Amino acid sequence: MADKKMWGGRFAGTTAASMEAYSESVSFDWRLYAEDIRGSQAHARMLARRGFLTDDEAGRICEGLDAVRGEIEAGRFTWKTGLEDVHMNIESRLTEIIGPLGGKLHTARSRNDQVALDFRLHVAARIAVWQERLAELVRVYLDRAKEHGDTLLPGCTHFQPAQPVSLAHHLLAYCQMFRRDHERLADCLKRVRVMPLGAAALAGTTHPVDPVMVAEDLGMDVIFANSMDAVADRDFAIEAVFAGSLIMTHLSRMCEEVIIWANPNFGYVRLPDDYSTGSSIMPQKKNPDSCEIMRGKTGRVVGALTGLLVLVKGLPMTYNRDMQEDKEPFFDTDRTVTSSLEIMTGLLAKLEFVPEKMLATVERGFLNATELADYLAARGVPFREAHHITGAAVAYAEGRGVGLEALSLDEFRRFSDLIGDDVYAVLDYRAAVRRRTSPGGTGPDSVQAQINALSAWLGSVR
Ligand code: ARG
């Protein structure tokens with residue numbers, strides 16, 4: 001490319017074509033165009049307030065930038081890799097439209113603080129979208145939980161059937177995770193919404209800039225405290241990608257459960273056609289591909305987080321061109337998080353639960369054994385001994401091929417003469433759930449309290 005570079009004053013030669021292709025970022029950072037234009041318009045208004053531009057000049061710059069945005073959004077803009085990045089493409093086109101006045105826009109500014117601003121605005125906007133999608137997902141979880149307050153599920157530890165819980169309680173556990181994800185993003189936003197313009201290249205500027213005015217114009221909360229940090233910091237993006245990784249990790253756990261539950265050996269769910277696929281060779285198959293893909297995509301988001309951490313770990317102060325590699329991992333994370341939340345919301349809304357299958361496992365698995373141990377403990381037997389006695393009763397019932405509740409009182413008495421007729425009410429699986437009234441337990445009151453609290457929270461964030 002023989003075009004004169006915008007920074008080309010001290011260069012006699014031209015950039016190698018391979019180097020130009022290697023170093024350009026506009027092929028991906030064009031996605032920052034809206035933020036770049038907003039930031040530049042705020043900067044121009046500030047320059048006018050400070051007397052550096054006349055109001056008329058600032059007005060012409062802002063209108064010129066509106067025109068550039070119009071071209072981009074109409075698909076009429078020609079992005080040039082020779083101009084390296086989104087910033088120089090937009091500034092160059094602005095200057096074509098409004099003439100040499102366009103060259104005044106970059107006063108008191110460097111691409112280092114400019115790109116930090118654009119990226120921060122972009123990350124903040126996308127976090128808001130993630131939060132909306134999380135809230136929508138929680139809403140659907142709540143709907144499904146309300147339908148299944150009476151559905152018994154074998155609650156597991158070590159992936160072994162442990163104690164009966166209500167399916168509502170299980171689903172609400174995910175609500176709690178996604179609520180925390182939402183709150184984590186709100187906290188992250190405090191550190192994203194820091195206005196870095198005015199740091200210039202790294203040291204600040206001799207021009208009398210007013211970063212507070214720019215921050216207010218852009219609706220950002222605070223301004224940077226240290227110009228070097230302002231252009232060198234990428235923790236805001238890393239933190240956002242971490243929050244995204246945790247969202248994906250939570251989604252992936254849910255995916256894993258749906259995949260297992262859809263296996264006919266479990267049969268706890270039937271997959272909705274809209275989120276499943278068939279096999280090209282085995283006609284009977286219905287595969288949980290949406291969940292498998294999501295579980296797989298979790299890996300790429302965690303990879304993006306790792307990539308960003310490694311990207312900055314060896315960088316000396318302040319801006320280094322390495323940092324241009326910070327955007328694609330974020331864009332990719334954004335695409336993945338946004339689409340995955342949408343898919344999970346759609347899948348969950350239509351997922352068909354099969355309570356009979358869940359109940360059959362509850363009844364097969366001695367999931368009322370803890371009830372018997374607690375029953376004995378309540379009658380003064382030390383819990384360790386009660387545990388032992390119950391274990392022996394389970395082994396006996398297993399030998400007979402029946403559940404504990406099918407043993408006769410005589411049979412129970414072989415294990416402890418403290419066992420009376422009232423044991424059968426205690427061994428009832430539904431009672432086992434109902435009696436877990438401790439705070440946050442699976443009992444109906446606690447489940448209802450969770451639903452109320454989560455509904456109130458949803459109302460407060462939407
Ligand atoms: N495309 C660059 C990036 O993303 C913009 C900043 C360039 N700054 C510089 N001093 N060359 O990091």
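Just follow the structure's listing: the first ligand is 1, and inside any ligand the first atom is 1. Sequence positions, counted from 1, serve as the residue numbers for this chain. All figures in this text were calculated on a predicted structure; none of them were measured in a lab.
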Atom pairs and distances, side-chain donor-acceptor, residues 207-216, under 3.5 Å, sequence neighbours left out:
unit_1: Asp210; atom_1: OD1; unit_2: Val212; atom_2: N; d: 3.3
unit_1: Asp210; atom_1: OD1; unit_2: Met213; atom_2: N; d: 3.1

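- Taking all atoms of both residues into account, the shortest heavy-atom contact from Cys291 to Leu347 is SG-CD2, 3.5 Å.
- Ring-plane geometry between Trp79 and Phe77 is classed as tilted, the angle between the planes lying from 30 to 60 degrees on a 0 to 90 degree scale.
- Listed as neighbours of ligand 1 are Ser25, Asp29, Asp85, His87, Arg111, Asn112, Val115, Tyr319, Gln324, Lys327, each bearing a heavy atom under 4.0 Å from the ligand.
- Scanning for side-chain contact (heavy atoms from CB on, under 4.5 Å) contacts around Gln448 gives Ile451, Asn452, with sequence neighbours left out.
- Within 6.0 Å of atom CZ in Arg69, more than 12 heavy atoms from other residues, nucleotides or ligands are found, so the atom counts as buried in its surroundings.
- Listed by chain and number, the residues in a ring-ring contact (aromatic ring centres under 6.0 Å, His included) with Phe242 amount to none (sequence neighbours excluded).
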